Visitor: 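Following this message is one structure expressed as structure tokens.
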Amino acid sequence: MKPVTLTMQAFGSYLKRTELDFRLLGDNPIFLITGATGGGKTTILDAMCFALYCKATGGRRSWDSMRCAAAPQGAETMVDFVFQLSGETYRFTRAQSQYKARGTGVLKTKETHACYRMENGEWSLLLAGAESRVREKAEEILGLTCEQFSQVIVLPQGDFLKLLLSSSREKAQMFQTLFATGRWEQAVHNLKEMAARLGKEAGELEAAKRSILEREGVETLPLLEEREAVLREELAKAKAAQLAASVALQKQNGALRAAEALAEQFTALERQRIQAYALEQQREDQEKKRQKLALARRAAGVYPYFTAYRSAQKDLLTKRQAYTDAKQQLAKAEAEQNAAQKQLPLAERYRVGLSELAKEEERLQGFRENACKRQELREKQKELAQRFVLLEKQRKEAQERLKTADRQVADGNAYIENALQQSALLPKLLEDVQGLIKEDAAASLATQLQQGIPCPVCGSVQHPRPAQRSTRLQEAQNALQQAQKAASLLESAQKRLQERRAQREQAQGDLSRCNEKIAFLRSEQQTQASLEQELSDKLGEWRELSAIERRVTEVRNLAKKNADLARQIEEHANISKRAAAAAEAVLESAERAYREAKEAEAVAAKQLQQALADSGLGRDDDYAAMMLSPEQLEALERALQAYDAAVESVRQQVKRLNQELEGKDRPDVDAERTKQSQAQEAAEQAAQAVGKLEQTALAAKDSLERLQKLEEKGKKLEEKYGRTSRLSALLSGKNLRKVPLHQFVLGVMLDDILSSANQFFATLSSGRYSLSRVTAITSGNALGGLDLEVFDAYMGGARAVETLSGGELFLASLSLAFGLSDVVQSYSGGVHLDSLFIDEGFGSLDQETLDTAMKALGQLQQMGRTVGIISHVSELKSRIASQIVVGKDREGGSTVVFRSV
């Protein structure tokens, strides 16, 4: 990964928008990030990490701690990081802003997170939205978490020196997060829990076996087997006895059912005889129903003709009355028509008067037009009078402003003349003051003395009697100050004088314009008065507009009234004529309907007479009372049919039962029930005995099977528990070398780190030193496996890391950092982070060690890496040409400047 650009705003100490273009440093550069302590050097690395993971380096700081404290409330906190990786260019942006909610004014926070990839010269959005999703995308692209990225790209030397000298337990804590080895420790923890769980299961299994034996009342498994066999034999005998009792019960049940069936036949014969008697008692009522049914059927043949005849009679009466009403309505309509025709001459007279009223309205409209013009002239005259008053007021104001401006211009001329005179005296006054100061030098020096500060002449810090200025000097200085003040105010006074002259010209112009407008208004008033008099002569007696409008209204209302009356008379005549014609048509229709109704009534009477002759009924019979509805007819027929069927059924049942019971006696059912009850009780007792023995035998069998299974399971569980507990102890560090599993895995990873680190350490130490892991067995309870030692080729043996000098320790920790960076990248899928930042660590190096370190960094550069060094060491400023200088602006925010030495 190579950084391209980094943009920050309101982030850390960078208040204003700040952009770093790393392309200005060239390809694969070694560059220095320098500046005062606390100026914002490390913040540059924090911004890169924050853009990728929304956390600063090490994952320790988030939005709240990274926002610039001096940023105003509305300023947006923002980081934008562009970098290249594996031939692709990516861009990650993070931003946070605050705003007030509409209505409530509550302060709310808005965040935006997005990442892009350069495609065909333009940014293509990869992902946007939740902070965690963009962070996961960065982990996918780089193959590193925030903590791993911080360890790989930023190398704080103090941390790696601590790693170099730490114990095995401390190294394990450092590597656990970086290499995610917590899963191995979790595996050991899971194994411990498994052993504890198996031990608990074994105890529970033993308790379950004891509970089964106690419940069955035996002490061992063989005794339980004997008891289960005895219970099986007793159960077989009880089942044989139960079978015999069941056979006896079935036989007695058959005898009881036969007795109950015979008794039921005798009872049924008695019920049928009672039913036959009840049906015989209903015979007379049923005959009446048969007669009613026959009469209703005869009436049904006459009733339709009867109802038709009655309907024809009603219709005849209705049509006769309608015919009488139609004749009366025709007579009334003809009378109204005659009366309306007599009113038509009056409507004609109203029509003739309308033309005279129209002529009068036209004449009045002419008077109205002239009256409106006269009123408009009067309104204009009022407006001219008001304008005249306003202009008089404006003229007076302009006259006053002109007087004031004349006076101010005169005063200004006098003031400037005086100032010019005083300014002309400045050279002489200055010369006088300088001469007097030379004469009074001690007093001049005394004016600069301060208590506690040494005197420039005698060196004393006490000044009990300083020299005083002379009166002539004081007066000359006062005069000089007045002249200087007048000279300083001269330019502003001249500007004010120009403004006052402009104000006087403005006032003169305003006064002249007011006079011209007043003269014009007077001429306009005279013209308006002449026009008004001319219109008054034309109007004569109709001078008032209101009187004209009242007369116009009266003429219009009268014309409308006459027109309405004429229209009403004519409309009434037309309506009455149409009404008479309609009444005549109605009469004709009513007469025709009356004739048809008389004919229909005669036909219905003839049809009724024929129906009565066919049915044998009389004309005066109550056919309505005889009639039944179809539903009633059907119900009556069904009732008679049901009665006949019931009589026949009872007769057949009595006959059948008499035949079946011939020669038989009624049985004693109660005696048979007593015998059946005794057999039932004996069968139930036998069943209860079998059930009790079955339950006991089944429980014993179940307990035996469960105990046998528990015995088998217990053996397997004991074997599994032994294996698990031994393996748990072994992987927990209770072994010969006292190395837990996760620490063993870390040891393998540390070997990879040392293999890579020694390539750098050998170069930095000219082939003398290499780091190795201590594999000897540790004493006591201390965990081992991660302790380091250094092999010294000059001495031909290994020695403790602590015996290295300060410079050698720095080279060793730097090599360890380089090795860790390479290994973490290889463990992360081979992602190559081609940039490396070393944060401080050069301040304690001597000249020779510093040369060696710079040589190693040069080798890294030749390998295609960009190397950035964060340091304030002055020696590095002269060695590294490309520099990013961090400073401060006037507001206290950080700034960056690219510099090439």
Side-chain angles (χ1 to χ4, degrees), residues 253-254 256-318 597 599-670 672-673:
N253 284 338
L256 177 60
R257 285 195 295 272
E260 288 176 341
L262 183 59
E264 177 60 27
Q265 284 183 312
F266 279 99
T267 303
L269 179 59
E270 293 174 358
R271 286 198 301 268
Q272 291 299 323
R273 287 173 177 171
I274 293 172
Q275 182 68 16
Y277 177 77
L279 289 173
E280 184 64 27
Q281 296 297 316
Q282 299 176 14
R283 183 174 297 278
E284 184 177 352
D285 291 338
Q286 296 298 323
E287 288 301 325
K288 291 180 180 179
K289 290 182 180 179
R290 293 183 197 278
Q291 294 174 3
K292 183 178 180 181
L293 178 62
L295 189 60
R297 286 173 176 168
R298 291 169 63 194
V302 176
Y303 190 72
Y305 298 101
F306 175 75
T307 55
Y309 174 68
R310 296 292 298 271
S311 176
Q313 284 182 325
K314 290 181 181 180
D315 187 55
L316 178 59
L317 291 175
T318 302
E599 294 173 358
E601 191 269 345
V603 172
K606 184 178 180 181
Q607 291 176 344
L608 175 61
Q609 189 66 30
Q610 182 65 40
L612 289 172
D614 295 339
S615 65
L617 297 175
R619 187 182 183 90
D620 296 331
D621 289 340
D622 188 359
Y623 308 115
M626 298 178 187
M627 287 294 296
L628 295 175
S629 66
E631 292 79 7
Q632 290 173 329
L633 285 171
E634 185 180 357
L636 187 57
E637 289 176 351
R638 285 200 304 271
L640 290 170
Q641 291 173 0
Y643 175 77
D644 294 340
V647 170
E648 180 62 22
S649 175
V650 167
R651 188 183 67 79
Q652 293 292 338
Q653 290 293 334
V654 170
K655 181 181 179 181
R656 180 182 60 80
L657 289 171
N658 282 329
Q659 293 175 353
E660 292 177 354
L661 296 175
E662 185 177 0
K664 296 180 180 179
D665 298 326
R666 183 184 288 273
D668 188 355
V669 178
D670 292 337
E672 293 298 330
R673 284 178 179 162

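What you see is a predicted model, and the numbers here were worked out from it, not measured in a lab.
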Visitor: Might you point out which heavy atoms bring Pro667 and Ala259 nearest each other, and give the distance in Å?
Guide: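 In this case the closest contact between Pro667 and Ala259 is CG-O, 3.3 Å.
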Visitor: Between Arg257 and Glu264, does any NZ, NE, NH1 or NH2 come within less than 4.0 Å of an OD or OE carboxylate oxygen?
Guide: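 Salt bridge absent between Glu264 and Arg257.
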Visitor: Hey, is CD on Glu284 packed in by over 12 heavy atoms from elsewhere, all under 6.0 Å?
Guide: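 No, the 6.0 Å shell around CD holds no more than 12 heavy atoms from other groups.
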Visitor: Do Leu657 and Glu660 have side chains that get closer than 4.5 Å, going by heavy atoms?
Guide: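 Counting from C-beta outward, Leu657 and Glu660 do come under 4.5 Å.
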Visitor: Identify the two heavy atoms, one from Ala600 and one from Ala312, that lie closest to each other, and give their separation to 0.1 Å.
Guide: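 Shortest heavy-atom separation between Ala600 and Ala312 comes out as O-CB, 4.1 Å.
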Visitor: Will you find, in the side chains of Gln286 and Arg283, an N or O donor that is under 3.5 Å from an N or O acceptor?
Guide: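 Side-chain D/A pair, Gln286 to Arg283: absent.
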Visitor: Whether the side chain of Asn658 engages the backbone of Val654 through a donor-acceptor N/O pair (distance < 3.5 Å, no angle test) should be reported.
Guide: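 Looks like yes, one N/O pair under 3.5 Å.
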Visitor: Just how far is it from atom CG of Leu640 to atom CZ of Arg638, taken to the nearest 0.5 Å?
Guide: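 So the gap between those two atoms works out to 11.5 Å.
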Visitor: What are the two closest non-hydrogen atoms of Lys664 and Phe266, and how far apart are they?
Guide: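 Scanning both residues completely, I find the closest heavy atoms to be O-CZ, 3.5 Å.
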Visitor: Roughly how far, to the nearest 0.5 Å, is CZ of Arg273 from CZ of Arg271?
Guide: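 Atom-to-atom, Arg271:CZ and Arg273:CZ are 13.0 Å apart.
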Visitor: Quick one: pull up CD in Gln272 and OG1 in Thr267 and give me the separation to the nearest 0.5 Å.
Guide: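 Here the interatomic distance stands at 12.0 Å.
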Visitor: Step by step, work out the side-chain hydrogen bond (donor to acceptor under 3.5 Å, both in side chains) result for Gln659 and Arg656.
Guide: CA-CA 5 Å; Gln659 293 175 353; Arg656 180 182 60 80; over 6 Å; no
Visitor: So, taking the atom named CG in Leu279 and the one named CD in Gln275, what distance separates them when rounded to the nearest 0.5 Å?
Guide: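 The distance works out to 4.5 Å.
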Visitor: Sub-3.5 Å donor-acceptor pair from the side chain of Ser649 to the main-chain atoms of Ala645, do we have one?
Guide: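 It does not hold such a pair.
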Visitor: Measuring from Lys655:NZ to Gln652:CD, what's the distance to the nearest 0.5 Å?
Guide: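 So the gap between those two atoms works out to 6.0 Å.
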Visitor: State which residues pass salt bridge (Lys or Arg N to Asp or Glu O under 4.0 Å) with Glu270; sequence neighbours excluded, sorted by chain then number.
Guide: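 Partners of Glu270 by the salt bridge (Lys or Arg N to Asp or Glu O under 4.0 Å) criterion, ordered by chain and then number, come out as Arg666.
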